[in-house]
Amino acid sequence: MEKHLSELNKDQLEAVKYNSGPSIIIAGPGSGKTRVLTNKLAYLIDSGVNPFNILALTFTNKSAKEMKNRVKEMLQSSISYNTWMGTFHSVFYKILRIECERINYEPNFTIYDSNDSKNIIKRIIKDLGLNKDFYKPNFVSYKISSLKNNLITWQKYNANPELKLEDESAGRHNFIEIYKRYQKKCFQNQAMDFDDLLLNTYILLKDFPEILFKYQNKFKHILVDEYQDTNYAQYKIINKLAEIHENICVVGDDSQSIYSFRGANIHNILNFKKDYPNHKMFKLEQNYRSTKKILNTANTLIENNKNKIEKKIWTNNKEGEDITINQSESDFEEGYFVAKKIKQLNFNLNEYAILYRMHHQSRSIEESLRRENIPYRIYGGISFYERKEIKDILAYFKLTINNHDEESLFRIINFPSRLIGKTTIQKIAIKAEEQNSTIWDLLKDMSSNKKIELKLNSQKQTSLIKFYEMINFFSIQAKNKQATEVASQILEHSGLLREYKKDITPEGKIRLKNIEELINGIKEMSSMSGEEFYLSDFISEISLMTNQDSDDYEEKVTLMTIHASKGLEFKNVFVVGLEEGLLPADKSQNNTDIEEERRLFYVAITRAIENLTLSYARFRNKWGERTNSEPSRFVYEINQNKNNANIIDEKYKKYKKIAALELQPKEKKISRFKSTIEAIENYKAGDLVKHNKFGIGKILENNDEKCIVDFKNFGKKTLLLRFAKLKLLK
DNA sequence: ACCTCAAACATTTTT
DNA sequence: TGTTTGAGGT
């Protein structure tokens with residue numbers, strides 16, 4: 001044990017050993033954060049803490065898995081397997097499966113991904129006959145999601161005139177109705193979306209003291225990784241859980257906060273300090289990953305952010321190579337440049353990553369990699385579980401496990417074709433709505449010969465009843481028989497396998513292969529679990545899986561978004577598409593957004609160990625059209641300070657210092673983004689503020705949660721600061 | 001009920 | 001550009 005601890009530097013060691021009270025570790029990129037966390041876990045267990053009493057929350061399933069393995073290795077036993085380690089969502093899912101009966105859910109409830117939610121919302125908007133211009137499904141689902149991430153239920157929203165006013169004045173009077181119906185639908189379907197996993201956990205802990213007490217006592221030590229990316233709901237839940245023991249350690253880096261679009265709140269770090277005045281803070285500033293030049297570049301860039309905790313990342317590593325900045329004529333040429341440089345550097349392909357802002361940017365890169373015969377793997381995009389054929393099968397599985405899951409029912413009731421078309425489904429859906437019942441219950445009534453007034457011909461009736469009886473049969477099987485057996489039964493009986501075997505095109509064969517792979521996956525999980533393994537276990541196992549969790553050991557270049565690259569490192573990193581409108585993205589216009597985009601670039605740069613290549617194109621195909629683009633302001637920023645960078649003009653293949661690139665008209669644009677977004681505590685009574693809807697007003701009181709403002713034209717309003725984007729006027 | 005084709009539409013980032 | 005929706009025909 002001590003042997004491992006001695007591999008730590010002084011700062012790391014201190015952070016590892018401090019376990020008696022709240023602590024916050026600010027860990028810069030490459031500062032050995034994972035090492036500190038794993039050591040801390042091992043140290044805790046080694047010093048007698050029961051692994052059962054530890055909760056460790058990580059950002060991805062992958063890092064949870066990695067941590068488990070490392071701790072296991074250090075302790076040379078699998079004792080740490082009793083520790084609850086995983087993402088917020090997966091740990092809360094686990095809690096909900098145990099406790100959900102208190103809030104009237106069955107333990108077999110389904111998890112809806114964002115696609116499922118959007119489908120439901122689309123249907124609701126259609127049912128209500130609302131104008132699609134005012135109620136865009138994307139917007140509505142985003143809005144519902146952020147309300148939930150701020151623990152605002154539809155009832156709470158409904159009771160808050162200020163919150164409603166914003167939507168009403170924008171002409172969305174029916175938003176509340178959509179929100180309400182959506183929640184009702186999810187409940188009827190015995191389903192929760194991603195946000196419900198947080199919201200319902202919170203409700204459970206808030207409304208049932210004995211449950212809160214149970215978990216407060218279970219989790220005597222709490223570790224939270226990537227704390228800068230937690231949202232309000234997550235923050236509140238951890239806060240509640242840690243109330244008694246206060247043995248909570250959060251690790252994060254405000255400079256790497258890149259998920260505010262998902263409700264992540266940089267203020268959580270500030271809140272932490274306030275909630276635990278006796279906390280201890282550790283800063284890990286030594287970087288073990290990158291060369292001096294790479295780190296200098298990163299530091300120069302992040303200097304431009306005002307909103308940050310002061311720290312200076314440094315390294316003892318060697319000076320390293322210059323940063324290369326490539327300028328290409330087009331996105332196509334950019335891809336070609338990257339492919340060529342990969343060949344030229346000639347490393348193991350696993351040591352390359354190509355990072356970009358948006359998924360669709362991968363296309364031009366892929367094209368040139370294929371042309372040059374460079375194998376690659378893409379993270380993101382369509383994952384295995386998002387393929388049509390897999391979703392079809394999973395829909396059968398899910399409906400088998402949870403008969404109320406209407407999303408799955410809709411997907412498969414007529415696949416393979418049972419001559420149950422749109423109109424028939426529509427009729428049943430309306431009938432169910434009328435009787436305040438569900439489609440499943442309606443089908444059940446039909447099969448038990450109850451009289452239902454539905455104008456359907458007998459052929460359709462039998463078809464529906466047959467479908468009901470088939471699923472019902474599967475459900476009974478699934479209760480007693482093992483997953484592998486039930487799965488193959490479903491494939492046979494449903495006619496799915498026959499349907500897919502009909503397709504003899506190459507794509508069809510790939511689909512069949514994928515299905516095979518899924519079945520193998522079930523077998524594998526089943527044999528790994530050792531004991532009984534039911535279909536419901538399989539579904540709960542994969543519900544929160546993402547495409548990044550799959551293993552792939554072949555030698556390939558990695559392509560992914562910058563977001564997905566967080567926490568990883570590569571010897572050679574390419575960051576492509578460094579253009580205005582891409583990084584920073586088009587939609588980020590205010591200063592807060594720009595700062596987040598800058599942090600995003602910061603994350604990208606700091607993934608590199610030895611070689612960093614940045615690239616932008618002068619023309620890019622944007623929805624089929626050739627559009628002209630300008631280099632990102634960030635490219636200019638990294639040159640503010642040091643001459644670390646070389647620019648290559650792809651056309652003339654000439655190398656020159658980037659300083660030679662005139663710092664042209666950009667200046668104007670940059671100054672426009674100077675504005676005042678402040679930390680919550682900076683809003684003081686007496687300050688003048690401006691609100692989008694209410695205009696100018698004076699703050700009367702600010703108690704962090706709520707802020708009372710007296711508006712000139714609207715009078716006194718109570719606003720939630722984390723919602724209302726108030727601008728300080730000075 | 002289903003197939004076909006043309007027009008409209010959409011573009012952050014993820015659990 | 002690639003995908004989804006709606007109209008119209010079978």
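In what follows, chains carry the letters A, B, and so on, assigned in the order in which the sequence lines appear, proteins first and then strands, with residues in each chain numbered from 1. In this text, all values refer to a predicted model and were calculated from it rather than measured experimentally.
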**Request:** Kindly point out which of B:dT11, B:dT15, B:dC2 is positioned nearest to the side chain of A:F194?
**Result:** B:dT15
**Prompt:** What is the distance, rounded to the nearest whole Å, between atom OH of A:Y385 and atom P of B:dT15?
**Reply:** 14 Å
**Asked** Could you state the CZ-C1' distance from A:F59 to B:dT14, rounded to the nearest angstrom?
**Response** 7 Å
**Prompt:** Which is true for A:S90 with a 4.0 Å heavy-atom rule: it touches a base, it touches only sugar-phosphate, or it touches nothing?
**Reply:** nothing
**Asked** Atom CG of A:L198 to atom C1' of B:dT15: distance rounded to whole Å?
**Response** 8 Å
**Request:** Could you say whether A:L600 or A:L419 is positioned toward the 5' end of DNA chain B, judged by the nucleotide with the nearest heavy atom to each?
**Result:** A:L419
**Item:** N or O in side chain of A:R363 less than 4.0 angstrom from C:dG2 OP1/OP2
**Value:** yes
**Flag for A:Y182-A:S117: side-chain donor and acceptor within less than 3.5 Å** = yes
**Request:** Please determine, for the side chain of A:T561, which listed nucleotide (B:dT13, C:dT1, B:dT11) has the closest atom?
**Result:** B:dT13
**Summary of salt bridge (charged side-chain N to carboxylate O under 4.0 Å, His left out) pairs that have at least one residue in residues 134-150 of chain A, sequence neighbours excluded** = A:K143-A:D167, A:K148-A:D193, A:K148-A:D196
**Request:** Give a yes/no verdict on base stacking between B:dT13 and A:F261: centres under 5.5 Å, planes within less than 30° of parallel.
**Result:** yes
**Asked** Which nucleotide sits closest to the side chain of A:H563: B:dA10, B:dC2, B:dT14?
**Response** B:dT14
**Request:** May I have the step-by-step check of side-chain contact (heavy atoms from CB on, under 4.5 Å) for A:L559 and A:Y356, ending in yes or no?
**Result:** CA-CA 8 Å; A:L559 270 68; A:Y356 37 77; 3.7 Å; yes
**Prompt:** Does A:N149 place a side-chain N or O at less than 4.0 Å from the phosphate oxygens OP1/OP2 of B:dT15?
**Reply:** no
**Prompt:** Quick one: which of B:dA1, B:dA10, B:dC2 gets closest to the side chain of A:N414?
**Reply:** B:dC2
**Prompt:** How close or far is atom C1' of C:dT1 from atom CZ of A:R626, stated in whole angstroms?
**Reply:** 16 Å
**Asked** Picking from B:dT11, B:dA1, B:dT14, which would you name as closest to the side chain of A:N138?
**Response** B:dT11
**Residue-phosphate contact under 4.0 Å: A:S114 side-chain N/O, B:dT14 OP1/OP2** = no
**Request:** Taking only the side-chain heavy atoms of A:R262 (C-beta and beyond), determine which of B:dT15, B:dA1, B:dC2 contains the nearest atom.
**Result:** B:dT15
**Item:** From B:dT13, C:dT1, B:dT14, nucleotide with atom closest to A:M358 side chain
**Value:** B:dT13
**Message:** Just to be sure I understand the rule, does A:K566 reach a base, reach only the sugar-phosphate, or reach nothing, if contact means heavy atoms closer than 4.0 Å?
**Reply:** nothing
**Item:** Pairwise C1' distance, C:dG6 and B:dT11 [rounded to whole Å]
**Value:** 22 Å
**Prompt:** What is the nucleic acid contact for A:Y259, judged by heavy atoms within less than 4.0 Å: base, sugar-phosphate only, or nothing?
**Reply:** sugar-phosphate
**Message:** Just the rounded figure in Å: distance from C1' of B:dT13 to CD1 of A:I258.
**Reply:** 8 Å
**Message:** From the set B:dT15, C:dT1, B:dC2, return the single nucleotide nearest to any side-chain atom of A:T60.
**Reply:** B:dT15
**Request:** For A:K622, report the nucleic acid contact type (base, sugar-phosphate, nothing); a contact means any heavy atom under 4.0 Å.
**Result:** nothing
**Fill in**
So the salt bridge (charged side-chain N to carboxylate O under 4.0 Å, His left out) pairs with at least one residue in residues 112-124 of chain A (sequence neighbours excluded) are A:R123-A:E407
**Request:** Would you indicate, yes or no, if B:dT14 has its OP1 or OP2 atom less than 4.0 angstrom from a side-chain nitrogen or oxygen of A:H359?
**Result:** yes
**Message:** Closest approach to the side chain of A:K122, judged atom by atom: which nucleotide of B:dT11, B:dA1, C:dT5 is it?
**Reply:** C:dT5
**Prompt:** Between A:K136 and B:dC9, is there a side-chain N or O to OP1/OP2 distance below 4.0 Å?
**Reply:** no
**Prompt:** Whole Å only: how far is the CG atom of A:L582 from the P atom of B:dT13?
**Reply:** 11 Å
**Asked** Hey, does the Lys NZ or Arg CZ of A:K388 hover above the aromatic six-ring of A:F415, less than 6.0 Å from the centre and inside 45° of the axis?
**Response** yes
**Message:** Assess, by modelled atom type and distance only, whether the side chains of A:N231 and A:Y259 contain a donor and an acceptor separated by less than 3.5 Å.
**Reply:** no
